[in-house]
Every structure is written in structure tokens, then in C-alpha cells.
Amino acid sequence: MRIGIDLGGSHIAIGVVQQNGTLIEKKEIDLDSENNLEEFIQTYILKGVKEYIEKYPVDLIGIASPGEPKDGKITSLVNLGIQELDITEIIGKICDIPVQILNDAKCAGKAEKEYGALRNEEDGVFICLGTGMGGAVFMEDKLLTPKRHSGFELGHITIQKDGELCKCGNHGCLETYCSIKRFKKALIEILDLPKETKAQELLEVLKEREKEEKVEQKINEYIENLVIGLSNITNIFEPEAICLGGSFVYFENILYDKLVEKFEKGEQFFNKDSLPKLKLAMLGNDAGMIGATIK
Ligand SMILES: [Zn+2]
């Protein structure tokens, strides 16, 4: 048995995963602006780990973390205001089970590759579209891992010269046009809804108002930009399939068919005959937690 922990920008999930990827049980909590988030996270994780190691024979603890975790430490969790957290040492105080940490998009990608939408593709790209945009690339069934940084920052491909400012400091990154956070924000403004409207509520409103001109314009613009990104990715990696995950999946009904239609025209492909399949992630929100436990 393994413990998987997913540290999101807005929630933490911790669960027990079998060697075959089956999630046995999990608990999760949304993070508000707690006074001391770092302390809260530590307490929550330690409590969960303690409970599960008493209940199950655990031989590995895997953590999916945003950013670029290194040497067993979580670093630069910008959204949570944490500079560095030596989670391996913290967990080491209560047990001597090995801990592995990997970027969350890579973990979700590994889970989709092993058990989900990419399991039958040797060459596949996973793209996580959510608060930001991350990616993982597999060639001949292996996750590509550069030596210097984690790489495959697919959200930071420039798609527009002098475009919008990205949180990475550059301009015109794919993420600034295609993260679901930005897409949601734009729709909320167009529809004149309260800022804090959740995805589910937004989708309910869209059922009635999807055909409004400004909404359609936004959806088309989003798809055009995403197709530029996906075409660049295709030209570089020539994947057999691209899997789209993260909160993109919630917007499947309004985005997926239009995206496939535009993408399959292959207007920006170098090899016109090498259309990758566009797939939706299958493991939902648990992908990061499950992927974190894969060795
Ligand atoms: Zn960027």
C-alpha cells in the first residue's frame, strides 16, 4: 500500500492507493486563507499519514506538489505563500517510510499514462489545464526528465509576441490565454456574475447563455489559442495522443467538440498526416494523488 498526497493551490488531498493504482480511501480539505497555512498543512498531512500507517502496511509516501520540488523539499508554493518546506524531514519524524515528491502535473500525467487515457499510447503528452498549465511528456512509455529543471513547461510556450503578462514574468505565454482560471474569469466578467462564482454554477448559467455572442466569441478565442499551443506541441513531440486534464474536464461540454474540430483541421501542423488523438483525462481530481505513488 502507498500513501498519496496532492498539494493543490486551493486544497489538499491524502489517500491510500494500492500498487495497481486503485484508490482505497481518501480525505481532502479546501484551503482558505488560514493564518498559518504552513503549520496547517504540516498538521493535516502528519495526522493523515499517522492514521493511514496505523491502518495499512504502507511502503511508500508519494507527494504531488505544484512548482518544482527538489531534494525531497517543496519549494516556491507561490499560491500558498510558502518558500520552502522540507516535507521529507517532517514526515521522517513520525516514520521511516520512503518519501518521493514530484511536480503535480507530472504526477497526474503518470497516472493517466499508467491507468488512464494514455495507457495504450507509447508516445503521449499530458497537459493539465487548471489554475495554471503544466505538462508531462512520454516517449516509448517513459516520462521524459531533463537533468537541470523539471522541464516541459508547456504553459509557457509563447504564442503571442508582446502578449499578456504571465506570472512567470514573460509575455504572451499559452497559460495566460488558456488556463481554466483565466477562461473562467473572462466568462464571469462577460456574464456579469459574482467574482467568486464556482465552476459548477458557471456551467449552469452557460447552459442558458452559451449562444450569446460575447460568450461564443470568448469560447472561440480560447479554442483558437489552445489549438496554436497544441499544434506547437504536436510539431515538437509528434505524440500519438494528447490528454487534457485538470479542470478543463469540467468544461468538456462547451469546449471539447469545438476544440477537436478545429484541431483536426491541422492547419498549423508540419506533418499534415500525423494527427494525434485528443483525449480527456479519465482519473479526474484523484490523478495527482494516484500518480504520486507510482515508482
Ligand atoms: Zn509564462
Side-chain angles (χ1 to χ4, degrees), residues 6-10 64-70 73-84 101-110 112 124-138 143-189 195 199 218-237 239 242-251 255 259 262-263 268 278 281 287-288 291:
D6 190 4
L7 272 179
S10 56
S65 158
E68 214 171 10
K70 231 178 178 166
K73 292 175 190 167
I74 292 163
T75 58
S76 309
L77 285 185
V78 185
N79 290 336
L80 302 177
I82 296 171
Q83 272 311 311
E84 190 177 285
I101 310 181
L102 195 65
N103 166 272
D104 51 0
K106 305 271 186 302
C107 287
K110 277 173 84 175
E112 292 294 338
V125 174
F126 173 77
I127 301 174
C128 183
L129 289 145
T131 311
M133 198 169 164
V137 176
F138 300 87
L143 174 72
L144 298 185
T145 50
K147 283 190 182 59
R148 299 196 298 176
H149 287 280
S150 49
F152 306 102
E153 295 292 354
L154 304 179
H156 302 282
I157 292 172
T158 305
I159 63 158
Q160 195 153 343
K161 182 177 176 290
D162 302 325
E164 284 186 45
L165 178 66
C166 178
K167 69 179 193 305
C168 76
N170 296 329
H171 286 264
C173 293
L174 181 59
E175 175 177 304
T176 61
Y177 298 93
C178 293
S179 79
I180 289 297
K181 189 181 176 185
R182 293 274 188 137
F183 179 62
K184 248 180 71 186
K185 188 168 171 257
L187 286 177
I188 284 170
E189 276 170 22
K195 265 187 189 158
K218 187 74 225 168
I219 292 172
N220 290 339
E221 182 194 301
Y222 177 86
I223 285 168
E224 274 171 29
N225 285 321
L226 187 53
V227 167
I228 294 174
L230 296 179
S231 304
N232 287 339
I233 290 164
T234 301
N235 288 339
I236 299 170
F237 299 110
I242 297 176
C243 170
L244 302 167
S247 38
F248 179 88
V249 177
Y250 300 139
F251 291 86
L255 294 175
L259 176 69
K262 173 98 180 128
F263 181 71
Q268 290 139 346
L278 269 191

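FYI, the numbering just counts along the sequence from 1. Both ligands and their constituent atoms are indexed starting at 1 by order of listing.
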Which pair of non-hydrogen atoms, one from [X] and one from [Y], has the smallest distance, and what is that distance?
X	Y	result
I233	P239	O-CD, 4.3 Å
N235	Q268	ND2-O, 3.0 Å
P146	G151	CG-CA, 4.1 Å

Are the aromatic ring centres of Y222 and F251 under 6.0 angstrom apart?
no
Within less than 2.8 Å of the Zn ion (ligand 1), how many protein N/O/S atoms are there?
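For the Zn ion (ligand 1), the figure is 4.
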Can E164 and T176 be counted as having a side-chain donor-acceptor contact under 3.5 angstrom?
no
Closer than 3.5 angstrom, by distance alone: can the side chain of K181 be matched with the main-chain N or O of G130 as a donor-acceptor pair?
no
